[in-house]
Amino acid sequence: MSHMSQDELVKQWESQQASMRQLLVEEDTEDWQRSPDFTGLERVGGVDLSYIKGDDVNACAQLVVLSYPNLELLYEDSQMVTLNAPYIAGFLAFRETPYLLEALQRLEKTQPNLLPQVVLVDGNGLFHYREFGLACHLGVLSGLPCVGVAKNLLQVQGISNSQQHQLQIASLQKGGDSFPLTAASGKVLGKALRSSDRSTKPVYVSVGHRISLETALRLTHTCCRYRVPEPIRQADVRSRVYLRLHFPAAAES
DNA sequence: GCGACAG
DNA sequence: ATCTTGTCGC
């Protein structure tokens, strides 16, 4: 395994994505998802990894669980991890998923009553080269409903950061406004969402697993106090604080 | 060769 | 992802 070239590794990974892709569920499967006000939804998870500058292998994996709809912290877990896989665009999941899964498993083992009913993931879901981004990967392996929320546009399947795209962004008037991200095939892979009235730059929402795009969009919007939805923002903030606390010297060299 | 490249 | 201070506005 360690003698594999990056070329062979990528082929291996592509094949794994293709097989897991068949297990993906792109529709609502939960009762709360059908409710106009998400009645029955009480816990939303957020996951993220924070990195140390100039360090390719040490990172902090973070899971938070917030109450819904008040978005108050119910649970958090920070864990230093050693990364095995390199970052290659289109294969982020192979780098990060193992540690996010471990965090979910620790929670399931110790306080199963706090398991999130849906997880917001820092990265794309279906909006991906092969329609199987990090949020899909984590969703299929955990079995939990997942939503992908990316902060930057991934230019895939004919979708590009063109003048047309910029005009569409400019046309978003208020928080909750959105426009579809349509692949060359005609399939809508995700939506660009103006997440709050104050933010100009949209976030890119896509289906991870066991949720429809419309529901994913509505959920993401209702989780936004700022541009980045609160579960992901909290995971990001708290994992950074953890690194500062445990690796204060990591700011040198 | 040039531009893109989630995190 | 990470590097970083100030600045403008409410």
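The analysis underlying the following values was restricted to heavy atoms, covering all of them including side chains, and did not include hydrogens, waters or symmetry mates. Note that the coordinates shown come from a computational prediction; the quantities given were computed from them, not determined experimentally. Below, chains carry the letters A, B, ... as their sequence lines are ordered, and counting in each starts from 1.
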Parallel, tilted or perpendicular: which one describes the rings of [X] and [Y], with boundaries at 30° and 60°?
{"X": "A:His246", "Y": "A:Tyr242", "result": "parallel"}
{"X": "A:Phe38", "Y": "A:Trp32", "result": "perpendicular"}
{"X": "A:Phe127", "Y": "A:Tyr204", "result": "tilted"}

Between [N] atom [atom2] and [X] atom [atom1], what is the distance in whole Å?
{"X": "A:Leu193", "N": "B:dA6", "atom1": "CG", "atom2": "P", "result": "20 Å"}
{"X": "A:Ile52", "N": "C:dC3", "atom1": "CD1", "atom2": "C1'", "result": "15 Å"}
{"X": "A:Asn161", "N": "B:dA4", "atom1": "CG", "atom2": "P", "result": "9 Å"}

Select one nucleotide: of C:dT4, B:dG7, B:dC5, the one nearest the side-chain heavy atoms of A:Leu92.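 Closest nucleotide among those given: B:dG7.
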Considering only side-chain heavy atoms of A:Asn152, which listed nucleotide, B:dG7, C:dT4, C:dA1, is closest?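 Nearest nucleotide to the side chain: B:dG7.
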Within the structure shown, what part of the strands sits under 4.0 Å from [X] by heavy-atom distance: base, sugar-phosphate, or nothing?
{"X": "A:Arg198", "answer": "nothing"}
{"X": "A:Phe94", "answer": "nothing"}
{"X": "A:Asn124", "answer": "base"}
{"X": "A:Gly54", "answer": "nothing"}
{"X": "A:Leu153", "answer": "sugar-phosphate"}

Aromatic stack A:Tyr51/B:dG7: centroid gap under 5.5 Å, interplanar angle under 30°: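 No, A:Tyr51 does not stack on the base of B:dG7, since the centre distance and plane angle fail the 5.5 Å and 30° test.
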Pair pattern of DNA chain C in dot-bracket, where unpaired bases get dots and | marks partners in another strand, Watson-Crick or G-U under 3.5 angstrom: ..........
May I ask you to evaluate whether [X] reaches the phosphate of [N], defined as a side-chain N or O under 4.0 Å from OP1 or OP2?
{"X": "A:Tyr87", "N": "B:dA6", "result": "yes"}
{"X": "A:Gln155", "N": "B:dG3", "result": "no"}
{"X": "A:Lys151", "N": "B:dG7", "result": "yes"}

Among side-chain atoms of [X] and [Y], is any donor-acceptor pair under 3.5 angstrom?
{"X": "A:Arg130", "Y": "A:Gln17", "answer": "yes"}
{"X": "A:Gln33", "Y": "A:Thr215", "answer": "no"}
{"X": "A:Gln79", "Y": "A:Glu102", "answer": "no"}
{"X": "A:Asn161", "Y": "A:Gln166", "answer": "yes"}

A:Arg194 side-chain N/O to A:Val203 backbone N/O, donor-acceptor pair under 3.5 Å: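 Not at all, since once roles are kept as given, no pair shorter than 3.5 Å links the two residues.
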Looking at A:Ser35, is its backbone amide N or carbonyl O close enough to the side chain of A:Thr39 to form a donor-acceptor pair, meaning the two atoms are under 3.5 Å apart?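 No, because the side chain of A:Thr39 does not come within donor-acceptor range (under 3.5 Å) of the backbone of A:Ser35.
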State the dot-bracket string of DNA chain B. Criteria: Watson-Crick or G-U wobble, both atom distances under 3.5 angstrom; notation: ( ) intrastrand, [ ] crossing earlier pairs, | interstrand, . unpaired. .......
